[in-house]
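Quick notes on the structure that follows.
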Amino acid sequence: MNARRRVCFVTGSRAEYGIIYWVLRELERNPNVDLQIIVTGMHLSPEFGLTFRQIEQDGFVVSTKVEMLLSSDTAVGITKSIGLGVIGFADAIDRLSPDLIVLAGDRFELLAAAQAALIANVPIAHLCGGDTTEGAYDEAIRHSLTKMAHVHFPTNAVAAQRIRQMGEDPACIFNFGSTQLDHVHRTKLLSLAELQDSLGFQFLQRNLLVTFHPATLDSRSAADQCAEVLAALESLDKNIGFIFTLPNADNDGRIIAEMIKTFVDKMGARAVAYSSLGSVRYLSTLAIVDAVVGNSSSGLIEAPSFHKPTVNIGDRQHGRVRPPSVIDCDAERGAVTAAIVRALGYDCSAISNPYGDGRSASHVAQKLSEVSLDGILQKRFHSIAVES
């Protein structure tokens, strides 16, 4: 009788957990899989809501925790956090002895995990590879993870082609769509009354869901860009409310978070901010608001499934596949205001989501449980035809 396959997931943020949640649900009832979960990064930080507790409340068993996040969002602080992560993941991987490690996305915590897994000769499965986000160093991290990984689950056809272009084995690339969208079909959303009670916020006549992260490769400072965005929001009609989700632990993320908190205090009952809404509240909010504003990938991936327009600000998501519901603009108050006004009058009812139909998790989980790992560590570069 074959031993159960030890499949180990790593998550360091609310965003990754949202990507892997339904895959975890599928695998937890698979008799051939021994599910392992390593939590790290923002999940373990009081500043970001100690969100590992949500993982436990959801009924999952946390196999181990890797403390790595320093209380600093400078380049030096984040680089040191990566170093601490490599050390912590080396011990965790040695202790858990997984057969396969699963990483989702492009955050620096995953770079640490991948380095440790690579040296330990543990195969890596990577979700969400092949996308491009040219305004952040996440772009380079994502492509680095692709080259360290052995099994690939891109979210769209364009990303799958990029992974092939990077020399990965076409037989190990599986485009099942985005597992984030499984939430859209599987989550029981809160009613307006339930959501308002949970948020402590009364929705206004029109409402915007706002998330603004640092664009880590932009020459303009995060503070300057955020100031322009907040100025644009302040100029809008007073019957428009704002629900903010605060930025991740990236360079200058804390600066933006403090600016948003100050803005929320100034706006009074018109605005509210949360370090983490959680999946149910986030999607329930997305279903009710009139538009999404900021530079989060959620505006490109999840919002189209709710037929909501997105105002995508700046270059952070530049290069990522986007549906017609996305309105791009510069991080300049006049441009942001004009884009929001356009979005509030935009009918997106006929929009089709290029990231799939929201029924991907079961396919990903099945493949993780059965894909052959024999000889997979010895990767070969698969060339594609190049026009002369």
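Since this is a predicted model, take the numbers as computed values, not measurements. Side-chain atoms are counted along with the backbone in the values below, which use heavy atoms only and exclude waters and symmetry mates.
For the residue pair Ser349 / Asp347, a side-chain donor-acceptor distance below 3.5 Å is found, with atom types taken as modelled. Asn156 and Asp131 share a side-chain donor-acceptor pair at under 3.5 Å. Between the side chains of Asn32 and Ser369, no donor N or O sits under 3.5 Å from an acceptor N or O. Thr245 and Thr211 form a side-chain donor-acceptor contact under 3.5 Å, judged by distance and modelled atom types alone. A side-chain N or O of Arg25 and one of Tyr21 form a donor-acceptor pair less than 3.5 Å apart. Side-chain contact check for Ser298 and Ser296: no donor-acceptor pair (N or O, by modelled atom type) lies under 3.5 Å. With 3.5 Å as the limit, one finds a donor-acceptor pair spanning the side chains of Glu194 and Ser191.
Across all non-hydrogen atoms, the minimal contact from Gly130 to Arg142 is N-CD, 4.0 Å. Closest approach of Pro154 and Ala159 over heavy atoms only: CB-CB, 4.0 Å. Taking each heavy atom of Thr40 and Val66 in turn, the nearest pair found is OG1-O, 2.6 Å. Scanning all heavy atoms of the two residues, the minimum distance from Ala104 to Ile19 falls at CB-CG2, 3.8 Å. Closest heavy-atom contact between Gln317 and Ser297: NE2-N, 3.3 Å. In this structure, Leu145 and Gly105 approach most closely via the heavy-atom pair CD1-O, 3.4 Å.
Within the model, atoms OG of Ser362 and NZ of Lys367 stand 12.0 Å from one another, a figure rounded to the nearest 0.5 Å. Taking CG from Asn175 and OG1 from Thr155, the interatomic distance works out to 7.5 Å, rounded to the nearest 0.5 Å. Going from atom CG of Asp330 over to atom CG of Asp315 covers 7.5 Å, rounded to the nearest 0.5 Å. To the nearest 0.5 Å, the span separating CD1 on Ile301 from OG on Ser178 amounts to 5.0 Å. Interatomic distance, Leu27 CG to Gln366 CD, rounded to the nearest 0.5 Å: 9.0 Å. Here the straight-line distance linking atom CD of Glu109 with atom CG of Leu84 works out to 12.0 Å at 0.5 Å rounding.
Using a distance-only test at 3.5 Å, with no hydrogens or angles considered, no donor-acceptor pair links the side chain of Ser284 to the main chain of Leu195. At least one donor-acceptor pair under 3.5 Å links the side chain of Asp182 to the backbone N or O of Ala361. Side-chain atoms of His183 come within 3.5 Å of backbone atoms of Gly18 as a donor-acceptor pair (strictly under, hydrogens ignored). Without hydrogens or angle criteria, His307 side chain to Cys348 main chain gives a donor-acceptor distance under 3.5 Å. Within the 3.5 Å criterion, the main-chain N or O of Gly299 finds a donor-acceptor partner in the side chain of Thr310.
Using a 4.0 Å cut-off between charged nitrogen and carboxylate oxygen, Asp34 and Arg4 do not count as a salt-bridge pair. The pair Glu26-Arg186 counts as a salt bridge, with a side-chain nitrogen and a carboxylate oxygen less than 4.0 angstrom apart. Look at Lys308 and Glu302 and you find no salt bridge, because none of the NZ, NE, NH1 or NH2 atoms lies under 4.0 Å from a carboxylate O. Contact check on Arg220 versus Asp224 returns no salt bridge, with no Lys/Arg side-chain nitrogen under 4.0 Å from an Asp/Glu carboxylate oxygen.
The aromatic ring centres of His43 and Phe52 sit 6.0 Å or more apart.
Using a 4.5 Å heavy-atom threshold, the side chains of Arg333 and Ser235 count as separate. Residues Phe60 and Tyr17 form a side-chain contact, since some pair of their non-hydrogen atoms from C-beta on lies under 4.5 Å apart. Annotation: side chain of Leu189 is not in contact with side chain of Val280 (no heavy-atom distance under 4.5 Å). Side chains of Cys226 and Leu230 form a contact here, defined as non-hydrogen atoms less than 4.5 Å apart. Counting heavy atoms from C-beta outward, His213 and Ile256 have side chains that stay 4.5 Å or more apart. Side-chain contact between Ile141 and Phe108: present, with at least one pair of heavy atoms (C-beta onward) separated by less than 4.5 Å. Counting heavy atoms from C-beta on, the side chains of Leu181 and Tyr355 come closer than 4.5 Å. By the 4.5 Å heavy-atom criterion applied to side chains, Ile124 and Leu103 are counted as neighbours.
No more than 12 heavy-atom neighbours from other residues, nucleotides or ligands sit within 6.0 angstrom of NE2 on His318.
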Go through the steps for Met148 and Leu111 under the test side-chain contact (heavy atoms from CB on, under 4.5 Å), then give the verdict.
CA-CA 10 Å; Met148 287 188 275; Leu111 182 61; 3.8 Å; yes
Please assess Arg254 against Glu47 for the test salt bridge (charged side-chain N to carboxylate O under 4.0 Å, His left out), listing each intermediate value before the final yes or no.
CA-CA 10 Å; Arg254 288 176 176 85; Glu47 181 179 358; 3.0 Å; yes
May I have the step-by-step check of side-chain contact (heavy atoms from CB on, under 4.5 Å) for Asp138 and Arg316, ending in yes or no?
CA-CA 9 Å; Asp138 299 353; Arg316 191 171 189 269; 3.6 Å; yes
Under the criterion side-chain contact (heavy atoms from CB on, under 4.5 Å), I'd like the reasoning laid out for Arg322 against Asp328: C-alpha separation, chi angles, the key distance, then a yes or no.
CA-CA 10 Å; Arg322 67 240 296 120; Asp328 295 305; 2.9 Å; yes
Between Leu50 and Arg53, is a side-chain contact (heavy atoms from CB on, under 4.5 Å) present by the stated rule, with each step listed?
CA-CA 6 Å; Leu50 292 171; Arg53 293 173 177 168; 3.2 Å; yes
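In this structure, Tyr346 is not a member of the same hydrophobic cluster as Val289, with clusters built from ILVMFWY side-chain heavy atoms closer than 4.5 Å. Put simply, Leu286 and Ile240 are part of two different groups of oily side chains (I, L, V, M, F, W, Y) that touch within less than 4.5 Å, one to the next. Cluster annotation: Ile340 and Phe242 are assigned to the same hydrophobic cluster (Ile/Leu/Val/Met/Phe/Trp/Tyr, side-chain heavy-atom contacts under 4.5 Å, transitive). Hydrophobic cluster membership is shared by Val62 and Ile20, with clusters built from Ile, Leu, Val, Met, Phe, Trp and Tyr side chains linked at under 4.5 angstrom. Residues Ile55 and Leu35 share a single hydrophobic cluster, defined by chaining ILVMFWY side chains whose heavy atoms lie under 4.5 Å apart.
Ala15 is linked by a side chain to side chain contact (heavy atoms under 4.5 Å, CB included) to Ser13, counting only residues two or more places apart in sequence or in another chain.
Of the candidates Arg162, Lys147, His150, Lys147 is the only one forming a side chain to side chain donor-acceptor pair (under 3.5 Å) with Glu168. Considering Tyr274, Tyr282, Phe263, Phe212 as possible partners of Phe244, the one that fulfils the ring pair (Phe, Tyr, Trp, His ring centres under 6.0 Å) test is Phe263.
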Can you give the donor-acceptor pairs under 3.5 Å from side chains of residues 200-209 to other protein atoms, not counting sequence neighbours?
| residue | atom | partner | partner atom | Å |
| --- | --- | --- | --- | --- |
| Gln202 | OE1 | Gln196 | NE2 | 3.3 |
| Arg206 | NE | Asp290 | OD1 | 3.2 |
| Arg206 | NH2 | Leu344 | O | 2.7 |
| Asn207 | OD1 | Leu204 | N | 2.9 |
| Asn207 | ND2 | Leu204 | O | 2.9 |

Identify each donor-acceptor pair in which a side-chain atom of residues 87-102 lies under 3.5 Å from a protein atom, sequence neighbours left out, and give them as a table.
| residue | atom | partner | partner atom | Å |
| --- | --- | --- | --- | --- |
| Arg95 | NH2 | Thr64 | OG1 | 2.7 |
| Asp99 | OD1 | Arg6 | NH2 | 3.4 |
| Asp99 | OD2 | Arg6 | N | 2.7 |

